[in-house]
Every structure is written in structure tokens, then in C-alpha cells.
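Okay, structure first, notes after.
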Amino acid sequence: MIRDASALNDLLERTRRFVREVAIPNEDRTEREDKVPDEAVAAMRALGAFGWSIPEAYGGSGLTTEELALAFLELSQASVAYRVVGATNAGIGSECLIRDGTDDQKARYLPRLASGELLGCLALTESEAGSDATALKTRAVHTGDGRYVLNGTKRYITLAPIAGLFTVFARTGEEARGAAGVTAFLVERGTPGLTTSGSTPKMGQEGAPIGEVYLNDCIVPASSILGGVPGQGFRTVMKALNKQRVNLSALSTGPAIRMLDEAVAYAREREQFGQPIGEFQLVQAMLAECKVAIEAARALILETARKRDRGEDVTMDVSICKYFSTEACGQVADKVVQIFGGQGYVKGRGIERFYRDVRAFRIYEGTSQIHLLNIGRRLVAGAP
Ligand SMILES: Cc1cc2nc3c(=O)[nH]c(=O)nc-3n(C[C@H](O)[C@H](O)[C@H](O)COP(=O)(O)OP(=O)(O)OC[C@H]3O[C@@H](n4cnc5c(N)ncnc54)[C@H](O)[C@@H]3O)c2cc1C
């Protein structure tokens, strides 16, 4: 749903300008320094990106799912680190709080998340709990005096080394596993007993750190339970991921659009056998396959976003969307490296960086296999 086309067009144009004038010129530096430059962070704050999805009442832009997808399709045409740092707050950094937080919790954190003063992260994954997130072992024990003691270790948490607010999932019930008895806690950096690792070395996405979160006798008041009611954590995170999977689909398609733009320009400029390689039909076929994948993903994302904005159940749609868009992006990355030949494999053009960066899309927020399982299970259960 688009509420005000002219305001949205203005936002999209300002985002394009940020990508063109600030983000792209700083991509090599971001990779080299493994840090998004402060001036780029400041520009994303001025753009309002941190609060795009946060309600206007709390200082955000309150974009609808469709508007947010359109904005993410633009922002993600720069290398992945920018949107991770600049827009995680408009996704998993705030979504649990928006869905199920109490009024007090929203008033306390959302304005600072919307401005980018505070970075949020979502700490679910553990060494034994990846795809099977319900196997998490982190425990929160009620002390009997209105407080909880948290113990456990989270890993691969986006922005953990630099985040200020952690949505931590811990087991408060007696069950040893399963979704029941899992509670979400809002824990601020500086709370005694919460520490984080440095940046975990990884294949790509330099500038977008992931890390571990250590909870060692971390004592928090019961008022830090997200929504105030224990045992609701899994329901909350599933609601948040339902939205986030549309976001991630858009964030996976922006890089594909950028890679194809670069490939078309290169195919026009690079000559072999006395003519531009773009004149060869086998190269045209690779370009065309990329274009088809991108336009199919875009249509699917926007249709799913509109469906969600209409209040329809999109549980299966978001799996289809996430699976298709992230797989499509991986195929585009592979073909674009091929079109660039050796220039696609060596450093310098940024193509190998995209190839590495986008590989994670098929792993996080539900692996491709988990989404296929979800779609298949629902079909067998009678979903249309
Ligand atoms: C860059 C990055 C950022 C991340 N950010 C966050 C974050 O911010 N917060 C957070 O909580 N987590 C985060 N994660 C963790 C991510 O969500 C997990 O890595 C993901 O859920 C997969 O879990 P796993 O790595 O343990 O793999 P596993 O679950 O061990 O999967 C290994 C393989 O087995 C397959 N598999 C597993 N179960 C089945 C099954 N039932 N049927 C068929 N195949 C199966 C998988 O598809 C995969 O191919 C991040 C990960 C990365 C790489």
C-alpha cells in the first residue's frame, strides 16, 4: 500500500542520491577498513533510514510493507554493509518491539532506534540452535524478587559488536526444548553480565559486523520482558520474521539490480574478437536471464508486500518470496562474475565483493531448505 506517492518518490530519489553520491564512492574504503564510514552513517541518519519502519508516533517514517520494500530495493544497490548498519533498526533491530512491546518499552527505545542513536540487534541463534532455533539453551531464571538471571551464548548476531540494544531469546519455562517457554528480553549494553565478542571473521559483508553475545549471570528486571508476558518469545519472533522476510527479499534484489547494471555497462564496453562482448548472443542470454530473475523477484516481493498490507496471511508467501529472491540473487551474482570474466574474479571492480556478500542471503533468516520445507509442509496441509 502506498499512502502518499509524492512523499515516497521524494524518499526514493533521496535514497538513490545517497547510494550514488555517498555509498558507492566509499565501497572500497568500507571493505578495506571493515567499517561503514561515519559520514555515510550520518547521511543514512539524515535520510531517516534507521526509522523507516518505525511508527511515526515514535519518530520513524511508518512506511508500509510495500513502501519499505521499494526503499530497500534502492538502498541495497550499494554494497551490503550500508543497509546492514543503516537499516537493521528498520528490520530485526526493532520489529519484535514494534509487534509486541509494551507502550513503556516502545517509548523508551523506539525513538532512539528511529534516529540511529541506538543500534538494535536480534539475538536468537546459538551453537546448537540454528535452523532449529527452538533448541536454544540460554536460560533466564526468575529470582523471586522480580528479576531474571540470564546465562548462555548467542552467535552470528548481526551488529552484536556495536549494538546498544539486544533482543535476547531465553528459556524461562521448564521445557528443555521447543517453542513453549521461550521469552524475549530487551537488554541494554552496559547491563552487568552482558558482553560481546569482536567481529567474527566471515566470507564477505565487510563493514557489517556479526559476533557473539555472552550472558553470564546477567540480571535484568522483569520489566525487560518484551511485552511483559513470559513465554511469548517465539510467537513474537515469528511475527517479526514474517515481515523481515519481505524486507530481506527486497534487500537481496537491490544487489542483483546493481550487478546487472554493471554487467550491461561492461558488456557494452569490453571488446573481444573485434566487437563488444554484449553483441555475442551467449552473453546476451546471461544478461537476459538476470533480468528475468530480477523482474520476477520484484513482482513477487511487491505483491507479497501489498498482500501483507491488506492484512492477509502471508506466512507461505514470505517463504516463497525469500526463497526465490535470495536464490535469484545468487544466480545473478554467478552470471555477472561470468560476464566480467577475469575482471569479475579479481578485486577492483567490486563484483567479487557482491558475489561474496550476497552468499549469506540464502543462509540467514531461514535457509533455502527451511523455506522449501515450510512451503511443502503447508501445501501438503492443504494451503492453496
Ligand atoms: C552473516 C550472518 C548474519 C546472521 N545474523 C543473525 C542475527 O542477527 N541473529 C540471529 O539470531 N542469527 C543470525 N544469523 C544466524 C543464522 O540465522 C543461522 O546461521 C541460520 O539460521 C542457519 O543456522 P546454522 O548456521 O546453525 O545452520 P544449520 O541449521 O546447522 O544448517 C546447516 C545445513 O543443514 C540444513 N538443514 C538444517 N535443518 C534442516 C532440515 N530440517 N531439513 C533440511 N535441511 C536442513 C540447512 O538448510 C543448512 O544447509 C546470522 C548468520 C550469518 C551467516
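Just so you know, ligand 1 is whichever comes first in the structure, and atom 1 is the first atom listed for that ligand. As the structure is a computational prediction, the values presented were derived from the model and not from experiment.
- Using a 4.0 Å cut-off to heavy atoms of L373, the atoms of ligand 1 that qualify are 40 (C), 41 (N), 42 (N).
- The pair E74-R83 fails the salt-bridge criterion, with no side-chain N (NZ, NE, NH1 or NH2) lying under 4.0 Å from an Asp/Glu carboxylate O.
- Set against the non-hydrogen atoms of T158, the atoms of ligand 1 under 4.0 Å away are 3 (C), 4 (C), 5 (N), 6 (C), 7 (C), 8 (O).
- Residues that satisfy the side chain to side chain donor-acceptor pair (under 3.5 Å) test with Q281, not counting sequence neighbours, are absent from this structure.
- With sequence neighbours left out, E31 forms a salt bridge (Lys or Arg N to Asp or Glu O under 4.0 Å) with K347, R353, R356.
- Between T367 and ligand 1, an N or O atom pair is found at a separation short of 3.5 Å.
- The option with the heavy atom closest to atom 18 (C) of ligand 1, from among T200, L159, T125, T88, is T125.
- Geometrically, ligand 1 and A123 share no nitrogen or oxygen pair separated by less than 3.5 Å.
- Distances between N or O atoms of D132 and those of ligand 1 include no value under 3.5 Å.
- Here is the list of ligand 1 atoms found below 4.0 Å of a heavy atom in I92: 8 (O).
- The atoms of ligand 1 that sit less than 4.0 Å from any heavy atom of I157 are 7 (C), 8 (O), 9 (N), 10 (C), 11 (O).
- At a 3.5 angstrom cut-off on N or O pairs, Y364 does not count as close to ligand 1.
- Interface atoms of ligand 1 facing L124, defined by a heavy-atom separation under 4.0 Å, are 11 (O).
- Residue-to-ligand polar distances keep I210 apart from ligand 1: every N/O pair is separated by 3.5 Å or more.
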